[in-house]
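Below: the structure, in structure tokens.
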Amino acid sequence: MEKQDIKNLSLAELKADLLALSFAPYVAEQIFTWLYKKRISSFSGMSNISKGNISKLKNKFYIGDIALKDKLISKDGTIKFLFGLIDKEAVETVFIPAKNRNTLCLSSQVGCKFRCLFCASGKSFVRNLSVSEITSQLSRIIEITGAAVSHLVFMGIGEPLDNYDNVFKAVRIFNAPSAFNIGARRITISTCGIIPAIENLARQGLQVELSISLHAADNELRNKLMPVNKRYPLDKLISCVREYIKQTNRQITFEYILIKGLNDSLSCADKLSKLLSGLNFKVNLILFNLQEGSCFQPPDKKLVLGFKERLIKNGTHATTRASRGQDIRAACGQLRIAHN
């Protein structure tokens, strides 16, 4: 019988598997604590599990892990990690320290199939990450940095809602008191706008934050920047978001990358305010991150300020996200591409 990575199981799934092996019901939570709080790499080290039960675990499961391949440290304290996977692929994870929080930017796929024009992650797509590979990013960062992580954002390589089942199983592990015990409201899922998955998320009752990558306020431009818009155009996306807010009573964040001469004019700001009018939302403005081989450029700071002030004048709640790690290939996918 082929062994299974035990870290691919939710707590409920692990309980069911262990009951079938005649384990007591409470043992699953003990094992979760060993795997995620103590981050143990061997069943033999689980000192409160009987030798007989450890033998059963070894026969059925193994403990998956990922390996550090590279690490780049920015002058602003941001650290980008490249982790190797069992099939020789690699993904990035970014640790972003701040005064009152430490945020981890997680990857959900090896590459991305949605091919946004400005994103290095979309150069290729290989596969989804497993639950184990997603949660192991947090475990390894805690081990390497020795720092507590307070917030998680799925804004790394991949489209999280295209790997829905694995991402949300990982979210529940992050949230579990016997595992990482990170509050759902400190976990943000970012999406390019996959409507059926957003509708599904609205029904789950999870208190996670939802962030939608918008980057244009009209279909013509968004079709060019984000091909997913051809399948899920803005009118349908905004209608979906309106219903999501109604069902969940949650505020939505719209991410808007400012690209010089493309989507940074005051008329673009006016279109954006009009598009989002009436929603419970905020807009997060982000300067385009320079990438090798890209024809895009970030706008100058004066223009960014003007864009933000126009939004605020229009009654649109807007903030500017500070760029971090610009000296260490900060844009998603750049470090992975450099190692290919």
Side-chain angles (χ1 to χ4, degrees), residues 1-10 35-36 39-43 57-74 78-96 104-116 118-145 149 152-171 173-174 180 190 192 289 291-294 325 328-340:
M1 181 179 67
E2 186 176 349
K3 292 183 181 181
Q4 183 178 8
D5 186 345
I6 196 169
K7 289 167 65 177
N8 281 331
L9 300 179
S10 67
L35 293 174
Y36 301 112
R39 297 177 300 280
I40 200 163
S41 59
S42 169
F43 293 118
L57 290 173
K58 288 180 177 179
N59 287 334
K60 186 173 177 62
F61 302 110
Y62 68 93
I63 301 173
D65 201 1
I66 56 179
L68 181 64
K69 289 187 68 175
D70 199 0
K71 179 175 72 172
L72 300 176
I73 304 175
S74 170
T78 301
I79 310 174
K80 172 169 272 195
F81 298 86
L82 186 72
F83 289 113
L85 310 177
I86 195 169
D87 58 358
K88 310 303 181 185
E89 294 294 339
V91 291
E92 298 171 2
T93 311
V94 183
F95 176 71
I96 309 167
L104 196 64
C105 182
L106 297 161
S107 292
S108 57
Q109 296 178 311
V110 181
C112 182
K113 65 179 72 167
F114 291 89
R115 298 186 177 277
C116 296
F118 48 82
C119 182
S121 297
K123 301 297 183 184
S124 65
F125 174 76
V126 180
R127 63 174 177 85
N128 288 332
L129 292 185
S130 68
V131 178
S132 177
E133 289 167 333
I134 295 170
T135 61
S136 291
Q137 293 174 65
L138 176 54
S139 294
R140 296 290 280 141
I141 296 301
I142 294 171
E143 289 173 0
I144 294 167
T145 66
V149 173
L152 302 174
V153 294
F154 280 88
M155 295 182 180
I157 296 174
E159 163 54 55
L161 294 190
D162 190 46
N163 187 15
Y164 190 99
D165 291 342
N166 288 347
V167 164
F168 284 99
K169 194 184 288 188
V171 165
I173 293 171
F174 291 139
F180 296 102
S190 178
C192 63
N289 237 324
Q291 301 170 26
E292 188 176 342
S294 175
I328 56 166
R329 300 190 183 103
C332 282
Q334 287 183 291
L335 185 54
R336 174 176 169 258
I337 289 171
H339 277 257
N340 281 350

Indicate yes or no: at least one non-hydrogen side-chain atom of [X] is less than 4.5 angstrom from one of [Y].
X      : Y      : value
Val91  : Glu133 : no
Phe154 : Leu161 : no
Phe61  : Lys3   : no

Donor-acceptor side-chain pairing of Ser108 and Asn163 below 3.5 angstrom: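 On atom types as modelled, these side chains do not qualify, holding no pair under 3.5 Å.
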
Any donor-acceptor N or O pair under 3.5 Å, side chains Lys7, Thr135: no

Chi angles and distances behind the side-chain contact (heavy atoms from CB on, under 4.5 Å) call for Arg127, Leu85: CA-CA 12 Å; Arg127 63 174 177 85; Leu85 310 177; 3.3 Å; yes

At their closest point, which heavy atom of [X] faces which heavy atom of [Y], and how far apart are they?
X      : Y      : result
Cys105 : Gly156 : SG-N, 3.4 Å
Val110 : Ala90  : CG1-O, 4.1 Å
Asp5   : Ser132 : OD2-OG, 2.7 Å
Pro160 : Gly158 : CD-O, 3.5 Å
Ile173 : Val131 : CD1-CG1, 3.7 Å
Ser190 : Met155 : CB-CG, 3.6 Å

Using modelled atom types only, decide if a donor and an acceptor are shared between the side chain of [X] and the backbone of [Y] within a distance under 3.5 Å.
X      : Y      : result
Gln109 : Phe125 : no
Ser10  : Lys169 : no
Asn166 : Leu129 : yes
Lys71  : Ile79  : no

With rounding to the nearest 0.5 Å, note down the distance linking [atom1] in [X] to [atom2] in [Y].
X      : Y      : atom1 : atom2 : answer
Leu35  : Ser136 : CG    : OG    : 9.5 Å
Leu57  : Tyr62  : CG    : OH    : 15.0 Å
Leu68  : Asp70  : CG    : CG    : 7.5 Å
Leu152 : Ile141 : CG    : CD1   : 11.0 Å
Ser74  : Leu72  : OG    : CG    : 9.5 Å
Asn128 : Asp165 : CG    : CG    : 9.5 Å

Member of Thr145, Thr93, Asp65 meeting the side chain to side chain contact (heavy atoms under 4.5 Å, CB included) criterion with Arg140: Asp65

Ile144 atom CD1, over 12 foreign heavy atoms within 6.0 Å: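 More than 12 heavy atoms, drawn from other residues, nucleotides or ligands, come within 6.0 Å of this atom.
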
Results of ring-ring contact (aromatic ring centres under 6.0 Å, His included) for Tyr164 - residues two or more places apart only: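 ring-ring contact (aromatic ring centres under 6.0 Å, His included) list for Tyr164, sorted by chain: Phe168.
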
For Phe180, ring-ring contact (aromatic ring centres under 6.0 Å, His included) partners two or more places apart: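 ring-ring contact (aromatic ring centres under 6.0 Å, His included) list for Phe180, sorted by chain: Tyr36, Phe174.
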
Residues Phe95, Val149; criterion side-chain contact (heavy atoms from CB on, under 4.5 Å); working and verdict: CA-CA 9 Å; Phe95 176 71; Val149 173; 4.2 Å; yes

Those residues that, when tested against Glu159, pass salt bridge (charged side-chain N to carboxylate O under 4.0 Å, His left out) (two or more places apart):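 Here no residue qualifies.
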
